[in-house]
Amino acid sequence: MDLAALRAQQQQLASQVITEDCGVPAEPQLIGGADVGFEQQGTVTRAALVLLSWPGLTLVEYQVARIPTEFPYIPGYLSFRECPALVAAWEKLSRQPDLLFVDGQGIAHPRQFGVASHFGLLVDTPTIGVAKKRLYGTSDSERLAHDGVAPLLSSERSLGWVWRSKLRCLPLFISPGHRVHPDTALAWVQRCTRGYRLPEPTRWADAVASRRPAFIRWQEKMRQVE
DNA sequence: GCGACAG
DNA sequence: ATCTTGTCGC
């Protein structure tokens, strides 16, 4: 693979990313979550897309896509590894979310083009990046300790937020993916967090992608309703 | 040259 | 990301 070419591609696509609210409804019908997991020493990529109701935030639909992994993990180039599987899962959905949470960075990226921005652009949907670790940008640790939230900054611009979503837990790194303003991104992540470190759309996407017990139980419960 | 480094 | 044992706090 040619990383220089991919870098140029990121820079070109990043210029199309919108970081103002564009089509984000005040009261969405559905909020989505997206996450990826791997199987068999990483030879298979498994992407999960979930749809949650609003404001109840209950799981109403999920779709999973499994495809061969064709790209290695390289920090800064995650979207090239994950987007193909995410698009495949997206195409299986019976309907689309009004707002989508993606596991990873949005514009908090060396070229302002993390996986949440890349996927948001591909499906032309408002997306928010919710990452568990920092990739790019700096924040004031004292302000985080004092307020529980601090801006995530680069020398050029505001990238998003570092937010301690739960006491005695490591903070989340929240940034706009596409068609969402930084303030709106933080507000929706906060509104969708219900007592756990991760917001519900991300928790469910992770549960499905990694086949957590919570998801297995949900499947069993639904099997009886059928 | 050295450290940092989403998932 | 994934694997895996023990430990800690609510």
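In what follows, every chain begins at residue 1, and chains take the letters A, B, ... in the order their sequences are listed.
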Chemist: How many whole angstroms separate atom CZ of A/R197 from atom P of C/dC10?
Modeler: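 Result: 18 Å.
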
Chemist: Kindly point out which of C/dC10, C/dT2, C/dA1 is positioned nearest to the side chain of A/R168?
Modeler: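 Shortest atom-to-atom distance from the side chain points to C/dC10.
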
Chemist: Which atom pair, heavy atoms only, marks the closest approach of A/C22 to A/P126?
Modeler: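 Where A/C22 meets A/P126 most closely, the heavy atoms are O-CG, 3.9 Å.
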
Chemist: Kindly say whether A/G137 contributes a backbone atom to a donor-acceptor pair with the side chain of A/R134 at under 3.5 angstrom?
Modeler: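 Confirmed, A/R134 side chain pairs with A/G137 backbone.
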
Chemist: Are any side-chain N or O atoms of A/H178 and backbone N or O atoms of A/F119, one a donor and one an acceptor, separated by less than 3.5 Å?
Modeler: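 Answer holds: no.
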
Chemist: Between atom CD1 in A/I74 and atom C1' in B/dC5, what is the gap in whole Å?
Modeler: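 Rounding to the nearest Å, CD1 of A/I74 and C1' of B/dC5 are 12 Å apart.
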
Chemist: Which part of the nucleic acid, if any, lies within reach of A/G37 when heavy atoms closer than 4.0 Å are counted: base, sugar-phosphate only, or nothing?
Modeler: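 It contacts sugar-phosphate atoms only.
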
Chemist: State which of C/dT2, B/dC5, B/dG7 makes the closest approach to the side chain of A/R134.
Modeler: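 Closest of the options to the side chain of A/R134: B/dC5.
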
Chemist: Between atom CZ in A/R46 and atom C1' in B/dG7, what is the gap in whole Å?
Modeler: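 Atom-to-atom, A/R46 to B/dG7, this comes out as 14 Å.
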
Chemist: For the pair made of CG in A/L78 and P in B/dA6, what is the distance, rounded to whole Å?
Modeler: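 Rounded to whole Å, this separation is 9 Å.
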
Chemist: Check whether any side-chain heavy atom of A/S117 sits under 4.5 Å from a side-chain heavy atom of A/Q112, and report yes or no.
Modeler: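 Contact flag for A/S117/A/Q112 side chains = no.
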
Chemist: Nearest whole angstrom, please: distance from the P of B/dG7 to the CZ of A/F101.
Modeler: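 Interatomic distance, CZ of A/F101 to P of B/dG7: 16 Å.
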
Chemist: With a 4.0 Å limit, can you tell me whether A/K133 has a side-chain N or O closer than that to the phosphate oxygens OP1/OP2 of C/dA1?
Modeler: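 False: A/K133 side-chain N/O out of range (4.0 Å or more) of C/dA1 OP1/OP2.
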
Chemist: What integer distance in Å separates A/R212:CZ from C/dA1:C1'?
Modeler: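 The distance from CZ of A/R212 to C1' of C/dA1 comes to 10 Å, rounded to the nearest Å.
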
Chemist: At under 4.0 Å between heavy atoms, what does A/F71 touch on the DNA or RNA strands: base, sugar-phosphate, or nothing?
Modeler: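 Nothing, no nucleic acid heavy atom in range.
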
Chemist: At under 4.0 Å between heavy atoms, what does A/E82 touch on the DNA or RNA strands: base, sugar-phosphate, or nothing?
Modeler: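 Contact class for A/E82: sugar-phosphate only.
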
Chemist: Side chain of A/Y73, heavy atoms from C-beta onward: which of C/dT2, B/dA6, B/dA4 has the nearest atom to it?
Modeler: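 Nearest nucleotide to the side chain: B/dA6.
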
Chemist: How many Å lie between CG on A/D35 and P on C/dT2, as a whole number?
Modeler: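 Going from A/D35 (CG) to C/dT2 (P), I get 8 Å.
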
Chemist: A/Q105 has an atom CD; how far is it from atom P of B/dC5, in whole Å?
Modeler: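 Rounding to the nearest Å, CD of A/Q105 and P of B/dC5 are 11 Å apart.
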
Chemist: Quick one, A/P199 and A/L172 - any side-chain contact, counting heavy atoms below 4.5 Å?
Modeler: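 Of all side-chain heavy-atom pairs linking A/L172 with A/P199, at least one is under 4.5 Å.
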
